[in-house]
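Okay, structure first, notes after.
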Amino acid sequence: MIPNAYRTVHCNEVRKSHIGQTVTLCGWVNSARDHGGVIFLDLRDREGLTQVVFRPEENADLAAKSHDLRDEDVLQITGKVAARLAGTENDKLGTGDVEIVATEMKILNKADVLPFQLDRELSNEDLRMKYRYLDLRRERLNRNIRTRHKITNAARNYLDAAGFVEVETPILSNPTPEGARDFLVPARLSPGKFFALPQAPQQYKQLMMVAGLERYFQIARCFRDEDLRADRQPEFTQIDIEASFIQRDDIVTLVEGLLAAMFKAGRGIDVPLPFPRMTYQEAMDRYGSDKPDTRFGIEINDMADVFANSGFKIFKSTLDNGGVVRAINAKGFAGITTGQMIRLNELAIEAGMKVKQLAFIKVERDANGVLEYKSPLWKFFGEEEKAALVQKLGVEENDIVFFYAGEWEDACNILGRVRLEIAHMQQLTKDSTALNFLWVVDFPLLAFDAESNGWVAVHHPFTRPKAEDEHLLGTDQNGKARAEAYDVVLNGYELGGGSIRIHEGDLQSKMFSVLGIGPEEQRHKFGHILDAFRFGAPPHGGLALGLDRIAMLVSGEDSIREVIAFPKNNKACDLMTDSPTNVDFKQLRELYVQSTWKPKVKDEAADAKA
RNA sequence: GGAGCGGUAGUUCAGUCGGUUAGAACGCCAGCCUGUCACGUUGGAGGUCGCGGGUUCGAGCCCCGUCCGCUCCGCCA
């Protein structure tokens, strides 16, 4: 920090070597300890604490004045750096060997009593949000925000060094036909028309490639009007990357280096490279998720070979009809409580389970020391089947095995969710510092949407099919086509994803058609990009990383709110500014906009009947 | 849209089976205190038990509704 008219040192700067010097500091009163005579003050700025001492015998007036200081008053203190009395050093402070004997004090601003104490735990989220600037003054959030700066800076430097050019793209653009809800902005100069805030700079980044920029990046604010979660905000930040003349592995290598640089800058650790890779199919088969948390096992096992001729009819018939029978072994979880069991079944039903209870086998020793297989279905299994099952799943005492028989997709969803919940119940990741990075590759290109009775893009409509699957596009094999798409995952969080794009007009046009966007609509909504592809578009691809989630994981937080200076609550409101807000009729009229919203009125007729 | 958890002093929380005047810690205010650093010490102030209704002789506690917050599902190309 540069000394200036306000101060000569910051509050974590003075050391023994300064003894005898006169210094001036500025900061907040962190605490005042008034002994009637001598008064101690901890002065705090963002760098740390320095103890200031007021002695009546040195300066009686000043000491008298210091009695009135209160926490969080803003002061400027001038004094002489002195060694602390022998035995009173404080080794918890960097400045703990010395203290400032005050000779001058200027109260820059008095502070009212704060609505909460900065040095104690605060669980009231309303208060934290309402007085966000005070919450940010606390050490934890202050550190998070500064860590976020460090990793953002590291990303920028890394990409710059790799030849990437930072370009800003419009915030006011057009709504997207697919994907999340758009935030709309009325266009006053085009009455009746609307802009949308970008969900991502997707089309612009591709047009940058057509423009010959070759390597683009942007720390881009993105907006999606969907419901919030601990790791989702309506406005969030992506590190958006696109490059020309590259293939998947080029992007993968680049991004591995980028993430390593960010974790190095933010947490000082060396992330081992390269990250493991897994196909989408494998991720779903083993973990029941396209963003597997690999910090623990409880993997999903396919039991088709074990139960091909099972004595348990439901398993056998499911297999005979093309379904799957899968199982997970929760090691050491035979002590599961009734409540936990109920919770797991609720979760499984929510995830699509057609029956009321997960089939299970619990292995415990009875009073006589005999190993018991407690299960509603154990009795249906033949001896060979039992042996094969125990062998395949490595079943031991105190294990509990859960089964699901049905369609592949349901089995993945249900067992995937149950797996995560068991890990949560067993607290398997509680004190873990593991950083399990992972690439998930070869996503399906398309998914069938029952609601619209059509195909939708799994990633987005500009994603390139894998060359060997391109012929499937537009046939009855649409669902089998895989995409040149990849996600980077950390500890069960999707950090980012991307793809190699379509750069040919005819293929892009075909893709739109498969998605049910006809020639007319294509021209209207995507004319610019289809045009662009006619004028020499290079092969290109890219990826976007969620900066908020990365900052959260670097900081060891559970919510991205802890790494965003001014976040929204789970109704997308800002309790500090009380945003969003009503606007005057006049303002709306200028925009040619009228609200159709009506406040809920209580139905008195219905009440009377009741 | 749905589910779960929570809401008691400024803050963090306790509050038994529905029963006398709703407690503690920290903070706050005032006094004392010349080596503290979570200073100590004496005293004091501070409550719409989120809000509304109901049951009851009596509700912080039970019931219904509602608001707010958090988490999750749906949703998030």
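Reminder, nothing fancy here: chain letters follow the sequence lines and each chain counts from 1.
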Note to self: Tell me whether the count of non-hydrogen atoms from other residues, nucleotides or ligands lying under 6.0 Å of CD in Glu121(A) goes above 12.
What the structure shows: no

Notebook entry, point to check: For Leu49(A), which contact category applies under a 4.0 Å heavy-atom criterion: base, sugar-phosphate, or nothing?
Noted result: nothing

Next item on the list: Looking at every strand, decide which applies to Val53(A) at a 4.0 Å heavy-atom threshold: base, sugar-phosphate, or nothing.
Entry: nothing

Item checked: Strand-adjacent residues in residues 33-41 of chain A, judged by heavy atoms under 4.0 Å from RNA chain B -> Arg33(A), Asp34(A), His35(A), Gly36(A), Gly37(A), Val38(A), Phe40(A)

Notebook entry, point to check: Roughly how far apart, to the nearest Å, are U11(B) and G50(B) at atom P?
Noted result: 13 Å

Check: So, for Tyr287(A) and Phe296(A), which heavy atoms are closest and what is the spacing to 0.1 Å?
Finding: CE2-O, 4.5 Å

Next item on the list: Check the pair Met105(A), Phe54(A) against side-chain contact (heavy atoms from CB on, under 4.5 Å), reporting the backbone distance first and the verdict last.
Entry: CA-CA 10 Å; Met105(A) 171 173 76; Phe54(A) 295 87; 3.9 Å; yes

Checklist line | Selected nucleotide, minimal atom distance to Arg229(A) side chain, candidates C75(B), C13(B), C68(B) | finding: C75(B)

Check: Taking everything shown except Arg181(A) itself, do over 12 heavy atoms lie less than 6.0 Å from its CZ?
Finding: no

Which pairs, protein N/O on one side and nucleotides 23-29 of chain B N/O on the other, fall under 3.5 Å?
| from | atom 1 | to | atom 2 | distance (Å) |
| --- | --- | --- | --- | --- |
| C26(B) | O2' | Gln117(A) | OE1 | 3.3 |
| C26(B) | O2' | Gln117(A) | NE2 | 2.7 |
| C26(B) | O2' | Arg120(A) | NE | 3.4 |
| C26(B) | O2' | Arg120(A) | NH1 | 3.2 |
| C26(B) | O2 | Gln117(A) | OE1 | 3.2 |
| G27(B) | O4' | Gln117(A) | OE1 | 3.1 |
| G27(B) | O4' | Gln117(A) | NE2 | 3.4 |
| C29(B) | OP1 | Arg70(A) | NE | 3.1 |

Check: In terms of side-chain heavy atoms of Lys571(A), which of G1(B), G69(B), G35(B) is nearest?
Finding: G69(B)

Checklist line | Minimum-distance nucleotide (side-chain atoms of Glu57(A) versus U34(B), G35(B), U12(B)) | finding: U34(B)

Next item on the list: Report the base-pairing partner of G4(B) (Watson-Crick or G-U wobble, both distances below 3.5 angstrom), or none.
Entry: C70(B)

Item checked: Ile239(A) CD1 to Gln218(A) CD distance, which is reported to the nearest 0.5 Å -> 11.5 Å

Note to self: Quick check for you: among G1(B), U36(B), G69(B), whose closest atom lies nearest to any side-chain atom of Glu125(A)?
What the structure shows: G69(B)

Next item on the list: Take atom NE2 of His524(A) as the centre, draw a 6.0 Å sphere, and report whether it contains more than 12 heavy atoms from other residues, nucleotides or ligands.
Entry: no

Notebook entry, point to check: Given the C1' atoms of G10(B) and C33(B), what is the spacing between them in whole Å?
Noted result: 27 Å

Next item on the list: Report which part of the nucleic acid Asp225(A) touches: base, sugar-phosphate, or nothing (heavy-atom distance under 4.0 Å, all strands).
Entry: nothing

Next item on the list: Take Asn90(A) and Pro115(A), find for each the nucleotide of RNA chain B with the closest heavy atom, and name the residue whose nucleotide sits nearer the 5' end.
Entry: Pro115(A)

Item checked: Asp135(A) CG to C70(B) P, straight-line distance once rounded to whole Å -> 13 Å

Check: With a 4.0 Å cut-off on heavy atoms, is Gln233(A) in touch with a base, just the backbone sugar-phosphate, or nothing at all?
Finding: nothing

Notebook entry, point to check: Is the base of C70(B) touched by the side chain of Arg561(A) through a donor-acceptor pair closer than 3.5 angstrom?
Noted result: no

Next item on the list: Using atom CG of Asn59(A) as one end and atom C1' of U34(B) as the other, report the distance to the nearest whole Å.
Entry: 16 Å

Note to self: Quick one, Arg417(A) and Asn413(A) - any side-chain contact, counting heavy atoms below 4.5 Å?
What the structure shows: no

Next item on the list: Could you measure between the two C1' atoms, the one in G47(B) and the one in G35(B), and give it in whole Å?
Entry: 40 Å

Note to self: Using Watson-Crick or G-U wobble geometry with both distances under 3.5 Å, which nucleotide pairs with A14(B)?
What the structure shows: none

Margin query: Heavy atoms from C-beta onward define the side chain here; which of G74(B), U71(B), G35(B) lies closest to that of Asn570(A)?
Written below: U71(B)

Notebook entry, point to check: What about Arg417(A): does its side chain form a donor-acceptor pair under 3.5 Å with the base of C72(B)?
Noted result: no

Note to self: Can you check the distance between C28(B) and G65(B), where both ends of the measurement are the C1' atom (answer in whole Å)?
What the structure shows: 38 Å

Next item on the list: Write down the distance between CD (Glu421(A)) and C1' (C72(B)), rounded to a whole number of angstrom.
Entry: 10 Å

Next item on the list: Return yes when atom NZ of Lys130(A) has more than 12 non-hydrogen atoms of other residues, nucleotides or ligands closer than 6.0 Å, and no otherwise.
Entry: no

Next item on the list: Specify the separation, in whole Å, of atom CG of Asp42(A) and atom P of C37(B).
Entry: 11 Å

Check: Which residue, His67(A) or Ala32(A), contacts RNA chain B at a nucleotide closer to its 5' end, judged by nearest heavy atom?
Finding: His67(A)

Check: Is the shortest side-chain N/O distance from Lys92(A) to OP1 or OP2 of A38(B) below 4.0 Å?
Finding: yes

Note to self: Please name the nucleotide paired to U20(B) by Watson-Crick or G-U wobble geometry with both distances under 3.5 Å, or report none.
What the structure shows: none

Check: Taking OP1 and OP2 of U11(B), is either one under 4.0 Å from a side-chain nitrogen or oxygen of Ser123(A)?
Finding: no

Check: Counting only Watson-Crick or G-U wobble pairs whose two distances fall under 3.5 Å, which nucleotide matches C61(B)?
Finding: none

Check: Should the pair Arg55(A)-Glu99(A) be classified as a salt bridge under the 4.0 Å nitrogen-to-oxygen rule?
Finding: yes

Notebook entry, point to check: Tell me, do Leu446(A) and Met511(A) make a side-chain contact under 4.5 Å, heavy atoms counted?
Noted result: yes

Check: Rounding to a whole Å, what distance do you find between Tyr493(A):OH and C72(B):C1'?
Finding: 12 Å

Notebook entry, point to check: Choosing from G35(B), U12(B), C73(B), which nucleotide comes nearest the side chain of Leu122(A)?
Noted result: U12(B)

Next item on the list: For C70(B) and G54(B), measure between their C1' atoms and round to the nearest Å.
Entry: 29 Å

Margin query: Let's test this: given Watson-Crick or G-U wobble pairing with both distances under 3.5 Å, identify the partner of U34(B).
Written below: none

Item checked: Spacing of Leu127(A) atom CG relative to G50(B) atom C1', expressed in whole Å -> 13 Å

Checklist line | Span that lies between the C1' atom of U16(B) and that of A3(B), in whole angstrom | finding: 31 Å

Checklist line | Heavy-atom pair of closest approach, residues Gly352(A) and Ile414(A) | finding: C-CD1, 3.7 Å

Margin query: Expressed as a whole number of angstroms, how long is the span from Asp227(A):CG to C70(B):C1'?
Written below: 14 Å

Notebook entry, point to check: For U55(B), which nucleotide in any strand shown is its Watson-Crick or wobble partner with both distances under 3.5 Å?
Noted result: none

Check: Any side-chain heavy atom of Phe116(A) within less than 4.5 Å of one from Asn124(A)?
Finding: no

Item checked: Separation of C75(B) P from Glu494(A) CD (nearest whole Å) -> 15 Å

Notebook entry, point to check: So what's G44(B) paired with, Watson-Crick or G-U wobble, going by both distances under 3.5 Å?
Noted result: C28(B)

Check: Considering only the C1' atoms, how many Å lie between C68(B) and A30(B), rounded to the nearest integer?
Finding: 37 Å

Notebook entry, point to check: Is any side-chain heavy atom of Ser513(A) closer than 4.5 Å to a side-chain heavy atom of Gln522(A)?
Noted result: yes

Check: From the list U11(B), C76(B), G1(B), which nucleotide is the closest neighbour of the side chain of Arg224(A)?
Finding: C76(B)

Notebook entry, point to check: Which whole number of Å gives the distance between the C1' atom of A14(B) and that of G58(B)?
Noted result: 23 Å

